[in-house]
Amino acid sequence: MDNELGQLIHNTLEAESNEFDLAARVMARLPAPSSGGTPRGWRLFWVPALATAGALALFLTLSGHDNSITNDCAIDQLDVTGASATVLKLNETGTTVVWLNEASEEEEL
Amino acid sequence: MSHWVPLALACWLSVNARAEAPTDTARCVLRLIHALPEAGPPDPRLADIHRLHLSKPPFSVWRSFRLLADETRELRPRQQLEFSFPEGQKASLLYTEHLTDPSGKHRVRGTLHVQGAHSGAGTGFSLDEGGLFMVAGQRLGKGILIYALSCRTED
């Protein structure tokens, strides 16, 4: 009795599985390859190449000469004849000015 | 993956070439300006420097400014150039070197000598590239002279 029942179930499952093609259904859901498919080598070269070029362009843009001009100036040495000198740093621009204070002609006389 | 190696190497080399071999020839602009106590028409050639500097103390006590000379010269490191100006003043500019400080800021080191009728001054400076440095105060007539120097090594 048990053998007959087992055989019956086996035959039923086998019959159903014959009608159910799992592989065919999975493949049907996958995107079909394009007829003019991109070669794998193209991607291997151009993707990193474009990424590197982009990174390089970004670096050169950011690290290049700063367009915002600053006027910081260090006076390493100052030798003056015929005048006294004052080193000024202007408030707004930070520009350094060496101001020579010449004796006026009246003072010289 | 193997394509990344030469590309990364090329990138690194180009970055290092830029960082370690800056253009060292300096293009310097030396302007000689006469500040006068009398009012006068603005000099359009001084519009930028007037707006930023000459219209403000300590220059604002002068009522007009006249450009006497505007010299642009290219100098190699350790090269010195002489300037002779119409009113008899003389100047010399020694371009010592181009520096890049730890923060990446470009600077120009040099010495500017100015010689007037009554006084002279030699100033060793380290100036931000493109920035302005001035020597002022030598008397000429009723006014004073202003030397304005700016240098760049790269465009």
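No hydrogens, no waters, no symmetry mates; every other heavy atom, side chains included, goes into these values. Being a predicted model, the structure only gives us computed values, none of them experimental.
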Do [X] and [Y] share a hydrophobic cluster, counting only Ile, Leu, Val, Met, Phe, Trp and Tyr and linking them when any side-chain heavy atoms are less than 4.5 Å apart?
X: Phe85(B); Y: Val114(B); value: yes
X: Phe65(B); Y: Tyr147(B); value: no
X: Val29(B); Y: Phe125(B); value: no
X: Ile49(B); Y: Phe59(B); value: yes
X: Leu88(A); Y: Leu78(A); value: no

Worksheet item: chain B: which of Ala74(A), Ala85(A), Gly94(A) shares the most heavy-atom pairs with it under 4.5 Å?
Response: Ala74(A)
Worksheet item: Between Leu100(A), Ile75(A), Asn101(A), which shows the greatest number of heavy-atom pairs under 4.5 Å with chain B?
Response: Leu100(A)
What are the two closest non-hydrogen atoms of [X] and [Y], and how far apart are they?
X: Asn71(A); Y: Asp128(B); answer: N-OD2, 4.0 Å
X: Thr93(A); Y: Leu52(B); answer: CG2-O, 3.6 Å
X: Ala121(B); Y: Val80(A); answer: CB-CG2, 4.2 Å
X: Arg139(B); Y: Glu102(A); answer: N-OE1, 2.9 Å
X: Pro58(B); Y: Trp99(A); answer: CG-CZ3, 3.6 Å

Item to complete: Given side-chain contact (heavy atoms from CB on, under 4.5 Å), test Thr95(A) with His53(B) step by step and report yes or no.
Response: CA-CA 8 Å; Thr95(A) 304; His53(B) 301 94; 2.8 Å; yes
Worksheet item: Charged N to carboxylate O under 4.0 angstrom, Asp72(A) versus Lys105(B)?
Response: no
Worksheet item: Picking from Gly130(B), Ala148(B), Gly120(B), Gly104(B), which has the most non-hydrogen pairs under 4.5 angstrom with chain A?
Response: Gly120(B)
Item to complete: Sort out for me which of Ala136(B), Ser150(B), Gly131(B) touches chain A most, counting heavy-atom pairs under 4.5 Å.
Response: Ala136(B)
Discussion item. Could you measure the distance from the OG1 atom of Thr96(A) to the CG atom of Leu149(B)? Nearest 0.5 Å is fine.
Written reply: 12.0 Å
Discussion item. How long is the straight-line distance from OG1 of Thr70(A) back to CD of Glu129(B), given to the nearest 0.5 Å?
Written reply: 10.0 Å
Worksheet entry | Part of Leu90(A) lying under 4.5 Å from any heavy atom of chain B | side chain
Practice prompt. Evaluate whether atom CD of Glu92(A) has more than 12 neighbouring non-hydrogen atoms of other residues, nucleotides or ligands under 6.0 angstrom away.
Written response: no
Worksheet item: If you draw a 6.0 Å radius around NZ in Lys89(A), do more than 12 non-hydrogen atoms from other residues or ligands fall strictly inside?
Response: yes
Practice prompt. Please examine the side chains of Thr123(B) and Gln77(A), heavy atoms only from C-beta on, and report whether any two atoms are closer than 4.5 Å.
Written response: no
Worksheet item: Quick one: does Phe133(B)'s side chain get under 4.5 Å of Val98(A)'s, heavy atoms only?
Response: yes
Worksheet entry | Interface moiety of Ile144(B) toward chain A, non-hydrogen atoms closer than 4.5 Å | side chain
